[in-house]
2 protein chains.
Amino acid sequence: MLNERKKRILQAIIDEYINSAEPVSSGSIAKKYGLNFSSATIRNEMAELETAGYLDKPHTSSGRVPSDKGYRFYVNELLKDDNLSLEEIKYIQSKLEMKVNNIEELTKITTNTLSEITHYTTVAVGPNPNVQTIEEIKFILLGTRMLMAVILTDSGLVKETIIKFDDDINQEQVDTLSYMFNNKLKGKPLEAIDQPFEEYLFREMKYSVKVIRPIIEQMKKLINDEKDFYLEGTNKVFDLPEFKSLELAKKFINLIDEKDIMLDLLDTGFAQDINIYIGDENDNDQLKDFSIVTFKHRIGNKDVGTIGIIGPKRMNYSKVISVMKYINRKLNDNQTNEENFEQPEEPKEES
Amino acid sequence: MLNERKKRILQAIIDEYINSAEPVSSGSIAKKYGLNFSSATIRNEMAELETAGYLDKPHTSSGRVPSDKGYRFYVNELLKDDNLSLEEIKYIQSKLEMKVNNIEELTKITTNTLSEITHYTTVAVGPNPNVQTIEEIKFILLGTRMLMAVILTDSGLVKETIIKFDDDINQEQVDTLSYMFNNKLKGKPLEAIDQPFEEYLFREMKYSVKVIRPIIEQMKKLINDEKDFYLEGTNKVFDLPEFKSLELAKKFINLIDEKDIMLDLLDTGFAQDINIYIGDENDNDQLKDFSIVTFKHRIGNKDVGTIGIIGPKRMNYSKVISVMKYINRKLNDNQTNEENFEQPEEPKEES
DNA sequence: TTTAGCACTCGAAGGTGTTAACTGCTAAAC
DNA sequence: GTTTAGCAGTTAACACCTTCGAGTGCTAAA
């Protein structure tokens, strides 16, 4: 649809705009980008690119700015691989090779690394609770009225919570609970800890509602809690020229403080590995001035979370995507080679 | 030292400045604060208050602004009780009466409540690890190469961590570990999990360094981790007029992102219940434009954490202090009446 | 001792002119 | 037919004023 020259010009404009954050003039790219045409020729092409919808103009006598359509074309057709520098690679390696004891820690480190390298705000969520199944459930008595419940999932996640009771419970009760939970729920999805299961326990066990109710309640809370939500580099936006207006910065900070929106934004379903949403492509209206790039972090084919970058539309897409790809590969390498995160195989019961 | 009239004028100026954030003129307080003197008289007094160091002037023809010394005098001598509104009291009650299962949750809720009521940024830390003693330690085998360690402290805190091993460990080993830890450490401060203890384990147990090293390492990490650090209302500062300059807002956001500084700031030693640091009184130079108000949250005489508010020097001190006092009392009431947080008495060992 | 009155200071706001960086268009050159 | 030099037109940004209002400090009278 666009001839070669238009593509080159469009690419030059967007590259330039990503760098400078200022409307791009015909003259500047004629010089810098080694296009062997005069600025006048480029001006003509730019005018056509504008009518075709790839470019916008803040005002009559100003340079051009990419439109959402322009960015989309750029991302789909013009993106070139950004080769990471040796330092960047080393930095990522050193971060990801740190010994971690659980997935949460890994996600935290990854989120931080991504933010440090790209200088954008990074958000992450753990695996969707309703794709995980229960590997094992443990109950540990802490004192006479306090219990700790630990759930191991097939994603390798360990979730634990504390439950308090108004009455004493004893080890025998805990053992029975442990048997009932594991017998009934092993291999089931996390959501299997629900109302019907609670009713089942009421029927099958002699314990009062006073014991079972808080357990189920607290475990449901544990599962649906958004506590595995990570945010890094909030303050990075202050360095971007588009946020020199306090109004916008405030909006942005408030936006990423809204967990619901952020969770929604990372809930990319079963889409492919890297997803890009540019401006208006975002479902949420408040996000229309931003671009989001997300990727799913998997072990085998198990979803262990989604990590996303949220930044201005003139985001350095090629850098962001390169880093994401590299990190994704590294994560997979680490897991398969070092078996850091294999699932606990055949956990033994205490006799 | 200051006569009654000067005190009244100083109070009026500071009250007004806390409200308006703008230099206060002689005329405005003559009118608003029912002082039966003309603006000229007040001007004379203001000039004297300025030479005495209680007031500053941004420029020759502007109104007056309180100095650090002025604020200090205000806080020490002029502060009146701010009676909380019924709505505020109800709001606090509803928040604090929520059933919580651990101290972390309570701290989180308290921090959030404090921020919502005062509209300032609130920070909190859990109890200082070196004032807590070990009540009990539990080890739970999760699979063959993964262990969960749970530490109960006398503050009622439950800290847990996951430890991974390169080789298998078995239940017998875990039982021995459990015996060794509890036998040696019960009643000791958290810091007793240290190098000498690690060496003691090496000597006394037949297990390889491969088992003991990661356990000690991870538990030390758990204890010294600043993970019980809470921050609420970061974005609230954007509503304050002093942060209309992006530069300052950026500074503030970066400042409270530095955990070290924040932890330092909350580390008020064994000082009295409510501490106020105004401007230059803060040790850290970066805090010289802010005021910090902290209070220690105790159960009995056990420190369970410190909560602080960080805001502009023209903070609404009387409101902040009233809310803190009220919350502090409420927390104590809840604990003593409902025995929500009594320590686990005489925990039973599984046989 | 208090206060009215006044000269003085200063920042904020708004208006004006200039400049520089663009564009679009036209007509000539290739 | 395509490209380009050249030029008029547009606009934001900036520096520079002026004006205005809200203050103060001081003096002299009450």
Side-chain angles (χ1 to χ4, degrees), chain A residues 2-10 12-14 16-17 19-67 70 241-242 244-246 248, chain B residues 2-10 12-14 16-17 19-67 70 241-242 244-246 248:
Chain A
L2 294 185
N3 64 38
E4 210 44 49
R5 193 167 72 183
K6 281 208 180 60
K7 284 187 191 172
R8 284 187 63 193
I9 291 175
L10 182 58
I13 292 172
I14 300 187
E16 180 64 19
Y17 187 67
N19 262 320
S20 70
E22 257 151 43
V24 180
S25 72
S26 53
S28 68
I29 57 167
K31 257 179 277 165
K32 276 197 223 166
Y33 287 80
L35 299 168
N36 283 324
F37 308 99
S38 74
S39 65
T41 310
I42 292 172
R43 269 203 296 286
N44 290 332
E45 294 284 49
M46 280 164 95
E48 284 176 43
L49 281 166
E50 188 184 346
T51 39
Y54 295 96
L55 295 176
D56 280 334
K57 209 165 38 169
H59 58 89
T60 9
S61 71
S62 78
R64 297 309 202 295
V65 157
S67 67
E242 32 269 280
K244 63 179 182 295
S245 134
L246 191 67
L248 240 170
Chain B
L2 294 185
N3 64 39
E4 210 44 50
R5 192 167 73 182
K6 281 209 180 60
K7 283 187 191 172
R8 284 186 64 192
I9 291 175
L10 182 58
I13 291 173
I14 300 187
E16 179 63 19
Y17 188 66
N19 262 321
S20 70
E22 256 150 46
V24 180
S25 71
S26 53
S28 68
I29 57 167
K31 257 179 276 166
K32 276 197 224 167
Y33 287 80
L35 299 167
N36 282 326
F37 309 99
S38 73
S39 65
T41 309
I42 292 171
R43 268 203 295 287
N44 290 332
E45 293 285 47
M46 279 164 96
E48 284 176 42
L49 281 167
E50 188 184 346
T51 39
Y54 294 97
L55 294 177
D56 281 334
K57 210 166 35 169
H59 59 88
T60 8
S61 71
S62 77
R64 297 309 203 296
V65 157
S67 67
E242 32 268 281
K244 65 178 181 294
S245 134
L246 191 67
L248 239 171

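A, B, ... follow the sequence lines: proteins, then strands. Residue 1 opens every chain. Just so you know, these numbers come straight off a predicted model, no measurement behind them.
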- Message: If I take atom CD in residue E4(B) and atom C1' in nucleotide dT1(C), what distance separates them, rounded to the nearest angstrom?
- Response: 18 Å
- Task: List in chain and number order the residues that pass side chain to side chain donor-acceptor pair (under 3.5 Å) with S28(A), two or more places apart in sequence or in another chain; answer none if no residue qualifies.
- Result: S25(A)
- With S245(A), which residues qualify under side chain to side chain contact (heavy atoms under 4.5 Å, CB included), at least two apart? E247(A), L248(A)
- Item | Rounded distance (Å) that lies between atom C1' of dT24(D) and atom CG of D56(B) | 16 Å
- Item | Distance, rounded to the nearest Å, where M46(B) contributes CE and dA22(D) contributes P | 16 Å
- Does OP1 or OP2 of dC22(C) have a side-chain N or O of K57(A) closer than 4.0 Å? no
- Message: Just the rounded figure in Å: distance from P of dT23(C) to CD1 of I9(A).
- Response: 12 Å
- In whole angstrom, give the distance that lies between atom CD of E45(A) and atom P of dC25(C). 15 Å
- Task: List for me each residue that meets salt bridge (charged side-chain N to carboxylate O under 4.0 Å, His left out) alongside E45(B), sequence neighbours excluded, and say none if there are none.
- Result: R5(B), K6(B)
- Note on the structure: Taken in chain and number order and not counting sequence neighbours, the residues that satisfy salt bridge (charged side-chain N to carboxylate O under 4.0 Å, His left out) with K244(B) are none
- Message: Applying ring pair (Phe, Tyr, Trp, His ring centres under 6.0 Å) as the test, list every pair that has at least one member in residues 38-64 of chain B; sequence neighbours left out.
- Response: Y54(B)-F73(B)
- Message: Applying side chain to side chain contact (heavy atoms under 4.5 Å, CB included), can you list everything that pairs with K57(A), at least two apart in sequence or on another chain?
- Response: E50(A), S62(A), R64(A)
- Rounded interatomic separation in angstrom, taking OH from Y17(A) and C1' from dC22(C): 16 Å
Distances for protein N/O vs nucleotides 28-30 of chain D N/O pairs under 3.5 angstrom?
none

- Less than 4.5 Å apart, any side-chain heavy atom of L55(A) and any of V24(A)? no
- S20(A): side chain to side chain donor-acceptor pair (under 3.5 Å) partners, not counting sequence neighbours: none
- Kindly write out the residues that satisfy side chain to side chain donor-acceptor pair (under 3.5 Å) with E22(B), not counting sequence neighbours, or none if the list is empty. none
- Query: Measuring from T41(B):OG1 to L35(B):CG, what's the distance to the nearest 0.5 Å?
  - Reply: 10.5 Å
- Message: Within residues 25-35 of chain B, which residues have any heavy atom lying less than 4.0 Å from an atom of DNA chain C?
- Response: none
- Query: Taking protein heavy atoms under 4.0 Å as touching, what does nucleotides 3-15 of chain D look like 5' to 3' if B marks base contact, S marks sugar-phosphate-only contact and - marks none?
  - Reply: SBBB--BBBS---
- Task: Please identify each residue that fulfils side chain to side chain donor-acceptor pair (under 3.5 Å) with S39(A), with sequence neighbours left out.
- Result: R43(A)
- Figure out the CZ/C1' separation between R64(B) and dG23(D), and round it to whole Å. 10 Å
- Identified pairing partner of dA29(C), criterion: Watson-Crick or G-U wobble below 3.5 Å: dT2(D)
- Item | Nearest-angstrom distance from the residue atom CD1 of I42(A) to C1' of dT23(C) | 14 Å
